[in-house]
There are 2 protein chains.
Amino acid sequence: MPATIRDVARVAGVGLGTVSRVINNSPQVSDPTRRRVLEAIEALDFHPSPIARRLSLGKTLTIAAIAPFFTRPATVERLRGVELTIAGTEYDLIVFSVESPERRDATLREVTRSQRVDGALVISLPPRDGELETLQASPVPVVLIDVNNPEMEGFSRVVVNDFEGGRRATQHLLALGHRRVGYISDPFDEPFLYTASRMRFQGYQQALQEAGIEPAEVWHQHGEHGRYEAERLAIALLSLQNAPTAIFAASDTQAIGVMEAARKMGLNVPKDLSVVGYDDIELAEYMGLTTVRQPLFESGAEGVRLLLQAIADRSAPPRTVRLQTEVIPRRTTAQPRDGDAP
Amino acid sequence: MPATIRDVARVAGVGLGTVSRVINNSPQVSDPTRRRVLEAIEALDFHPSPIARRLSLGKTLTIAAIAPFFTRPATVERLRGVELTIAGTEYDLIVFSVESPERRDATLREVTRSQRVDGALVISLPPRDGELETLQASPVPVVLIDVNNPEMEGFSRVVVNDFEGGRRATQHLLALGHRRVGYISDPFDEPFLYTASRMRFQGYQQALQEAGIEPAEVWHQHGEHGRYEAERLAIALLSLQNAPTAIFAASDTQAIGVMEAARKMGLNVPKDLSVVGYDDIELAEYMGLTTVRQPLFESGAEGVRLLLQAIADRSAPPRTVRLQTEVIPRRTTAQPRDGDAP
DNA sequence: CTGTTAGCGCCTTCAA
DNA sequence: TTGAAGGCGCTAACAG
């Protein structure tokens with residue numbers, strides 16, 4: 001049986017309130033008394049029960065992270081930022097990996113109930129119909145990481161400047177001399193979806209227009225997220241007459257599909273085709289993929305900070321932290337083989 | 001303020017003991033009473049406080065997973081198995097990502113203290129000096145996943161049959177006609193380290209000997225785990241006169257280093273060099289890497305089951321679950337270019 | 001400064 | 001079958 005605060009009090013010959021004060025570093029304990037208590041604690045190898053503490057404090061000292069753990073490698077890096085940041089606090093982190101819509105709803109509802117956790121981090125999960133209400137009604141603070149939908153203003157969020165990211169990626173290609181640049185992404189016409197693809201697209205358009213190029217509609221291909229679908233889309237794109245000499249993919253995973261398409265079509269990357277991804281997942285470095293890096297680890301860390309603040313001050317207005325992107329040039333981008341003069 | 005059991009009792013017009021019985025599905029409640037209580041619960045949107053429940057029960061209803069989250073991609077897949085299996089139970093999962101030796105020790109000690117969690121899963125962390133004692137003295141049950149050291153017998157564990165895995169990988173190469181097969185791994189001469197590499201090596205040796213081949217000492221190169229070190233080792237190996245025509249690497253990460261070495265040396269894989277990895281991380285599929293798959297997800301799931309059993313019955317003897325491996329042939333292995341006749 | 005007391009919300013006897 | 005009471009270990013308010 002582990003020692004309790006009462007045992008310590010008895011051994012130290014003090015009341016148990018005093019022991020509590022010592023544990024919580026209350027200044028109002030005399031030095032000699034404190035020493036006696038400390039000795040007793042040491043002697044008994046006493047550690048306060050976190051659960052009793054929580055019940056008494058009326059706090060769970062726990063925060064939840066809800067994320068699609070494994071569908072996107074980037075999420076893991078975000079979680080790492082979350083975990084390491086939380087490790088320095090008195091909070092525990094409990095994680096929920098949501099992979100199915102049912103679990104997603106259930107988890108969200110359970111977590112946003114009070115008594116369960118003191119706050120929740122929702123990572124890379126664009127809200128679906130009805131969830132917005134769940135979140136807004138949540139008695140526990142929620143911070144969104146990598147959820148960039150306009151509907152989500154009003155929540156504290158950590159987002160990346162996707163418009164700027166798309167613009168920078170495209171500018172990188174333009175600077176190399178490309179004039180026909182394709183864009184492959186998830187679809188973005190549904191109201192409640194991941195809007196990153198759309199923002200990146202707008203940045204892409206903007207960059208082209210700034211360079212005096214009117215983006216052709218066929219240059220934009222979209223389909224379900226994933227390597228194979230992206231491969232299919234790239235083949236379509238590259239089969240056009242006057243096909244793009246460069247493709248910007250809305251994620252590294254999709255960029256990999258693009259490269260696979262090039263391989264199958266006998267196109268050399270980067271000589272025949274330049275490819276830029278987005279995310280800078282670990283795989284990207286190995287493959288030498290030029291990509292747009294977003295501060296993944298930092299996004300998790302920042303999310304924790306926002307959440308802790310929100311917990312400390314419930315009435316504080318929501319804040320948005322917007323992180324910047326950076327193009328990482330590697331081996332998949334180069335000048336186009338043929339000049340592309342008008 | 002969320003409703004408490006007392007509110008429910010008042011609304012239902014019963015004593016609060018009865019409400020508790022209903023919550024816990026005690027059979028000794030009459031149907032009409034149960035119905036009234038259920039209605040009150042519904043009306044008040046009552047959810048029992050997990051914390052109060054834990055304090056009263058004297059259980060934390062929480063289990064900890066300690067793992068080097070991100071240094072090995074395989075770990076993430078194991079965690080996924082852990083998370084999904086736990087999700088079906090009343091337990092919470094709290095995770096600790098240990099990346100430094102200090103945190104490692106601190107976490108282990110904290111977690112193995114009672115009051116903190118009901119059980120702990122230690123994943124892919126070979127014990128270091130002194131930790132064995134910490135673990136053995138642990139009042140909370142501990143299950144080891146992917147910790148195959150002989151010193152760890154006595155603990156419940158989920159391990160993979162690494163000897164057999166090494167043997168199968170090598171047999172695959174032998175069946176293709178290779179006679180000179182190299183092996184690249186972490187070092188395995190320290191007493192307290194990850195023994196998987198050694199077991200795989202023994203399987204490798206066994207397979208060669210069964211084929212009437214005496215493995216040359218120089219065929220085995222070892223160094224710190226990682227892609228770049230493996231690349232260095234592979235270059236050394238391939239620079240030998242009478243260099244191996246195939247290399248078996250103790251992990252996919254290292255196999256990638258080997259392939260990078262081949263690329264730099266102008267060797268075609270698999271025509272000039274066959275490569276086999278180990279783990280079947282996601283990257284392996286993309287790269288077409290022939291590898292030895294171990295049931296990662298399943299190892300996590302199985303670990304949870306073992307732990308839950310151990311929690312339910314503290315006096316049960318430790319059990320070892322040994323999972324099997326499987327060679328996944330892909331595009332990095334083929335017949336050697338030149339016959340290798342004696 | 002320090003001891004005592006009253007909860008925190010729930011579970012579990014013990015009686016009735 | 002049900003109500004009431006005691007206790008889980010700790011914190012905080014109140015006396016002294």
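Here is the naming used below: chain letters follow the sequence lines, and residue numbers restart at 1 for every chain.
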Side-chain donor/acceptor contact of B:Ser56 with base of C:dC10 under 3.5 Å: yes
Calculate the interatomic distance between A:Arg36 atom CZ and C:dG3 atom C1'; express it in whole Å. 13 Å
Taking the nucleotide of DNA chain D with the closest heavy atom to each, which residue, B:Gly15 or B:Ala52, is nearer the 5' end? B:Gly15
Flag the pair B:Arg54 and B:Asp92 as a salt bridge only when some basic side-chain nitrogen lies within less than 4.0 angstrom of an acidic carboxylate oxygen. yes
With a strict under 4.0 Å distance from non-hydrogen atoms of chain B, what nucleotide opens and what nucleotide closes the contacted stretch of DNA chain D, reading 5' to 3'? D:dT1 to D:dG9
Nearest whole Å is fine: how far is C:dT5 P from A:Ile5 CD1? 16 Å
Students often get this wrong, so: under 4.0 angstrom with heavy atoms, is B:Ile51 touching a base, only sugar-phosphate, or nothing? nothing
Under 4.0 Å between a side-chain nitrogen and a carboxylate oxygen: does that hold for A:Arg78 and A:Glu302? no
Under 4.0 Å between a side-chain N/O of B:Arg53 and OP1 or OP2 of C:dG9, yes or no? no
Within the distance-only criterion (no hydrogens, no angle test), does the side chain of A:Ser156 pair as donor or acceptor with the backbone N or O of A:Val143 below 3.5 angstrom? no
Considering every strand and a 4.0 Å limit on heavy-atom distances, what is the contact class for B:Ser30: base, sugar-phosphate, or nothing? sugar-phosphate
Whole-Å gap separating P (C:dG9) and CG (B:Asn24): 17 Å
note: A:Leu16, atom CG; C:dG7, atom P; distance rounded to Å ~ 16 Å
Gap between atoms CD1 and P, on A:Ile23 and C:dT2 respectively (whole Å): 15 Å
For residues A:Leu121 and A:Ile63, report the shortest heavy-atom separation together with the two atoms involved. CD2-CD1, 4.3 Å
By nearest-nucleotide position on DNA chain C, the 5'-leaning member of B:Leu55 and B:Gly17 is B:Leu55
A:Arg34 CZ to C:dG3 C1', in whole Å, measures 17 Å
Working for salt bridge (Lys or Arg N to Asp or Glu O under 4.0 Å), residues B:Glu42 and B:Arg36: CA-CA 10 Å; B:Glu42 179 83 12; B:Arg36 285 224 313 288; over 6 Å; no
Hey, does the side chain of A:Arg6 reach the backbone of A:Gly15 with a donor-acceptor pair shorter than 3.5 angstrom? no
Should B:Glu77 and B:Arg80 count as an ion pair when the cut-off is N to O under 4.0 Å? yes
What is the distance from CG of B:Leu57 to P of C:dC11, rounded to the nearest Å? 7 Å
Select base, sugar-phosphate, or nothing to describe what A:Arg21 touches, counting heavy atoms under 4.0 Å on all strands. base
The answer to which of B:Gln115 and B:Pro32 contacts DNA chain D further toward the 5' end, by nearest nucleotide, is B:Pro32
Classify the nucleic acid contact of A:Val19 as base, sugar-phosphate or nothing, counting any heavy atom under 4.0 Å across all strands shown. nothing
